Amino acid sequence: MTTTPADSTDPHANDASPYGGGDPFADYRGGDYAFTSLVDLADRRFGAGVIAANDEFFAERENLLKPGPAVFDPERFGHKGKIMDGWETRRRRGADADHPFPTDDEHDWALIRLAAPGVIRGIVVDTAHFRGNYPQQVTVEATALPGSPGPEELLADDVKWEEIVPRTPVRGHAANGFEVTAERRFTHLRLKQHPDGGIARLRVHGEVVPDPAWLAALGTFDLASVLHGGAVEDASDRFYSSPTQIIQPDLSRKMDDGWENRRRRVKGTNDWVRFRLAARGEIRAIEIDTAYLKGNSAGWAALYGCDGTPEDEGSWFEILPRTRLQPDTPHRFALPGAVTATHIRLDVFPDGGLARMRVHGGLTEDGRRALGERFTALGG
């Protein structure tokens, strides 16, 4: 689903109403985009950054990638004007009094380093609280460069940028979502706003495509981590929070920074999450963390593996038997021998929350080969 502004012929058709007091999100125009279930490749907590911008007069570029929704304080002003929780540039002017407006090709830009290179499936350009000072249109371009390039390398003439979101009108005080169809691995983005204005947040959802040479150098790593290409395929319940948070690489910081399901009332049933590993691997140790979950943590957990066909119930085997979990506690399990799997399923009994899970191991030879073939096919 892609946002379609009400009327692109009227430059003010997509303005939001001026703030009238009360809840600043009361008239916020959100969006239901299927791709937001995927990991945010531009998550600041995992290493993403806004490394340069041509202008940030009113509000700093770094705000674009802050976790959580933008906040709004109607009374907060500074020496440069209203303090906004986003990236906001000054108003562009024309060449002279006879030409007060900027030309059609003038724009502001910011360069974003993704936390993990990958295939982008969708982008959200969030203009929350920018009601009459949001950009008229946006463009998003992407590229892939090795190493850790700086602004000079990214802006060099020989760098090829691919337009993944063409110049498109956006709405003020809204979540503007765009599906992306480019089947390529990208490392950096260039966000353009035409001609100027403010954007609160940028979210870049997709699938991580790790560098197989780096994983080979690591040897043992977390096979389930989103930063290494692990992903949630299915779950019994997503009522309070996304199960993708279980495989984030950082530590949980509060109760909702994990996976919590609703209270299960049907006896003989339990909650579960199914994960796809980075590639076929040999699992040697498991960590299950219930940090910050006290009266609502899972009572017991079991772990099952599958080597190839997760849809076939008969292909699943036990890795960790049903084991009692303690609230607000890290649990570590060294396996008696390496277990080969492509998928794992975490079962909790009967319900309850988990903060994080780590699946430590290394890739098999065919796992390394498959990962390398995908890396090459996507331009790595």
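Just so it is clear, the values below take in all heavy atoms, side chains as well, and ignore hydrogens, waters and symmetry mates. Not measured: the values here are computed from a predicted model.
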For this session: Please confirm whether the backbone N or O of Ala302 pairs with a side-chain atom of Asp347, one donor and one acceptor, at under 3.5 Å?
Result: no
Exercise. If you count the non-hydrogen atoms of other residues, nucleotides and ligands that lie under 6.0 Å from CZ in Arg167, is the total more than 12?
Worked result: yes
For this session: For Arg201 and Asp85, run side-chain contact (heavy atoms from CB on, under 4.5 Å): C-alpha distance rounded to whole Å, both residues' side-chain angles, the deciding distance at 0.1 Å, then the answer.
Result: CA-CA 9 Å; Arg201 297 287 189 268; Asp85 186 11; 2.8 Å; yes
Exercise. Can you find a heavy atom in the side chain of Arg369 that is under 4.5 Å from one in the side chain of Glu365?
Worked result: yes
Exercise. Is there side-chain contact between Gln136 and Pro11, with heavy atoms separated by less than 4.5 Å?
Worked result: yes
Problem set entry | Interatomic distance, Asp126 atom CG to Arg29 atom CZ [nearest 0.5 angstrom] | 11.5 Å
For this session: Would you tell me whether Gln245 and Ser242 have side-chain atoms, one donor and one acceptor, within less than 3.5 Å of each other?
Result: no
Problem set entry | Short N-O contact, Glu207 and Arg374, less than 4.0 angstrom | yes
Problem set entry | From OG1 (Thr181) to CD1 (Ile120), nearest 0.5 Å | 11.5 Å
Exercise. Any donor and acceptor pair, going by atom type alone, linking the side chain of Glu153 with main-chain N or O of Gly150 inside 3.5 Å?
Worked result: yes
For this session: Any chance you could measure Trp316, atom CH2, to Glu311, atom CD, to the nearest 0.5 Å?
Result: 9.0 Å
Problem set entry | Charged N-O contact under 4.0 Å between Asp307 and Arg280 | yes
For this session: Count the heavy atoms of every other residue, nucleotide or ligand shown that sit under 6.0 Å from CZ of Phe101, and state whether that count exceeds 12.
Result: no
Problem set entry | Validation row: Val208, Leu41 side chains within 4.5 angstrom (heavy atoms) | yes
Problem set entry | Sole residue of Thr290, Asp289, Asp222, Asp250 in side-chain hydrogen bond (donor to acceptor under 3.5 Å, both in side chains) with Arg356 | Asp250
For this session: Given side-chain contact (heavy atoms from CB on, under 4.5 Å), test Ile199 with Val138 step by step and report yes or no.
Result: CA-CA 10 Å; Ile199 297 170; Val138 298; 4.2 Å; yes
Exercise. Which word best sums up how the rings of Tyr19 and Phe72 line up, parallel for under 30°, tilted for 30 to 60°, or perpendicular for over 60°?
Worked result: perpendicular
For this session: Could you tell me whether Arg358 and Glu287 have a side-chain N and a carboxylate O separated by less than 4.0 Å?
Result: no
Exercise. Can you tell me if Ser37 uses its side chain to pair, donor with acceptor, with the backbone of Ala34 under 3.5 Å?
Worked result: yes
For this session: Side-chain contact test, heavy atoms from C-beta onward, threshold under 4.5 Å: evaluate it for Val124 versus Tyr33 and give yes or no.
Result: yes
For this session: Answer yes if the side chains of His205 and Arg121 hold a donor-acceptor pair under 3.5 Å, and no otherwise.
Result: no
Seminar exercise, completed: Correct closest heavy-atom pair for Trp259 and Ser236 would be CZ2-OG, 4.4 Å
Exercise. In Å and rounded to the nearest 0.5 Å, what is the CD to CZ distance from Glu233 to Phe275?
Worked result: 10.5 Å
Seminar exercise, completed: Between Gly299 and Arg324, the two heavy atoms sitting closest are O-CD, 3.4 Å
For this session: Spell out, as yes or no, whether a donor-acceptor pair under 3.5 Å connects the side chain of Arg131 to the backbone of Ser17.
Result: yes
Seminar exercise, completed: To the nearest 0.5 Å, atom CD1 of Ile286 lies from atom CD1 of Ile344 at 6.0 Å
Problem set entry | Residues, nucleotides or ligands: over 12 heavy atoms within 6.0 Å of Arg263 CZ | no
Exercise. When you look at Thr323 and His331, which way does the side-chain contact (heavy atoms from CB on, under 4.5 Å) test go after all the steps?
Worked result: CA-CA 10 Å; Thr323 303; His331 306 76; over 6 Å; no
Problem set entry | Within-4.5 Å side-chain heavy-atom neighbours: Leu191 and Asp108 | no
Exercise. Taking it one step at a time, do Thr342 and Thr309 satisfy side-chain contact (heavy atoms from CB on, under 4.5 Å)?
Worked result: CA-CA 9 Å; Thr342 58; Thr309 313; over 6 Å; no
Problem set entry | Side chains of Met255 and Asn296 in contact at under 4.5 Å (non-hydrogen atoms) | yes
For this session: Could you tell me whether Asp271 and Arg262 have a side-chain N and a carboxylate O separated by less than 4.0 Å?
Result: no
For this session: For Arg203 and Thr36, test the side chains for any donor-to-acceptor distance below 3.5 angstrom and give the result as yes or no.
Result: no
Exercise. To the nearest 0.5 Å, what is the distance between CZ (Arg238) and CD (Glu260)?
Worked result: 15.5 Å
Exercise. Do you see a donor-acceptor pair shorter than 3.5 Å between the side chains of His173 and Asp27?
Worked result: yes
Exercise. According to the interplanar angle, ranging from 0 to 90°, do the rings of Phe25 and Tyr28 count as parallel (below 30°), tilted (30 to 60°) or perpendicular (above 60°)?
Worked result: perpendicular
